[in-house]
Amino acid sequence: MYAQMVDTGLKEVRTADDMPPEERAFQARIDADIKIEPKDWMPEAYRRTLIRQISQHAHSEIVGMLPEGNWVTRAPTLKRKAILMAKIQDEAGHGLYLYSAAETLGISRDQMLADLHAGRAKYSSIFNYPTLTWADIGTIGWLVDGAAIMNQIPLCRCSYGPYARAMVRICKEESFHQRQGYDIMLAMSRGTDEQQAMAKDALARWWWPSLMMFGPSDAASVHSGQSAAWKIKLLSNDELRQRFVDQTVPQADFLGLTVPDPALRWNDETGHYDFGAIDWSEFHNVIKGNGPCNRDRLQARVNAWDEGAWVREAAMAHAEKRAAGAARAVASIQQQGRTA
Ligand SMILES: [Fe+2]
Ligand SMILES: [Fe+2]
């Protein structure tokens, strides 16, 4: 998902027998659906896993702005441009809520960004694909934001309070993102032959990478058992992926677009769509840094950081000046008090 393959660092799921009393009390609170808050005791592995998960999620939000930012100057109408800009700004906000949530676990924002820029931290594989036409912007909103909602609605109930609360607001905004994407696709699929061809081509390129967003199959997922016990992963990768396929295929039908999977068919017995095999070698290759845009995306983030240095320095200098002014005012009031 926006956080794929998050490693808990634990080989086996912890059982009550393995746990010291404080950990048993911590797990009992999670089992009773009581939120864990920043100042509560928590196992080090829970803290580290959440830092990885939330920071990966935050990085995905801000790297995810890049493929769309590429289209702000080329949006077909003023209205589409204003909507796209609002959507991209929402993503920046999502990044900020999530960096703030991660900071409550004792890591600084500078450290998280340094890890991203050095290639130590990951972001979602989906943002390493290029946006070639305007239909890609529609497809991203429809599929990528649609997949994000699928994953993030359950996270509103996750065990870590600051993360769960950030998710509530994020999900509301994601639903607007999904609709704006679908609205673009609706316009294009009812448009000229050329627009219809663009919509078809975009779906063909984004379908499989969107399914890969949910991460490896359950059979190949390591460490997810412990994340489930901690309630920071509430549904498995395959469950989420199936829900996404079941929701999205009828939407494609409504657009008159064909999902590029010859094996896709409704299964009356299971009550779900069956779908074809995912090319996991492509997924692992993109995660390793070899997708079509990995280098460009990372370079764009590093450049933004370097070019923004003067803004950070100016903001700090301004804050220091204000603090010094306030200290002088307090000192002068105290002085007057003494001389009065
Ligand atoms: Fe977002
Ligand atoms: Fe979004």
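Whatever order the structure lists ligands and atoms in, that order sets their numbers, starting from 1. The structure displayed is predicted, hence computed values, not measured ones. These values consider heavy atoms only, across backbone and side chains, with no hydrogens, waters or symmetry-generated copies.
Applying side chain to side chain donor-acceptor pair (under 3.5 Å) to Glu173 and the options Gln178, Lys87, His94 leaves one that passes, His94.
Under the rule for a side chain to side chain contact (heavy atoms under 4.5 Å, CB included), the partners of Gln242 that lie at least two apart in sequence or sit in another chain are Asp246, His272, Tyr273, Phe275.
The name of the N, O or S atom in Asp145 nearest to the Fe ion (ligand 2) is OD1. The atom of Glu174 that is an N, O or S and sits closest to the Fe ion (ligand 2) is OE1. Distances from the Fe ion (ligand 2) to the N/O/S atoms of His177 are shortest for ND1. Among the heteroatoms counted here (N, O or S) of Glu61, OE1 is the one nearest to the Fe ion (ligand 1). Residue-level check: among N/O/S atoms of Glu91, OE1 sits closest to the Fe ion (ligand 1). Distances from the Fe ion (ligand 1) to each N, O or S atom of His94 single out ND1 as the nearest.
Between His59 and Phe127, the ring centre distance reaches or exceeds 6.0 Å.
A donor-acceptor contact under 3.5 angstrom links the side chains of Arg109 and Ser100, judged on distance only.
We find the CD1-CZ distance between Ile83 and Phe176 to be 6.0 Å, quoted to the nearest 0.5 Å.
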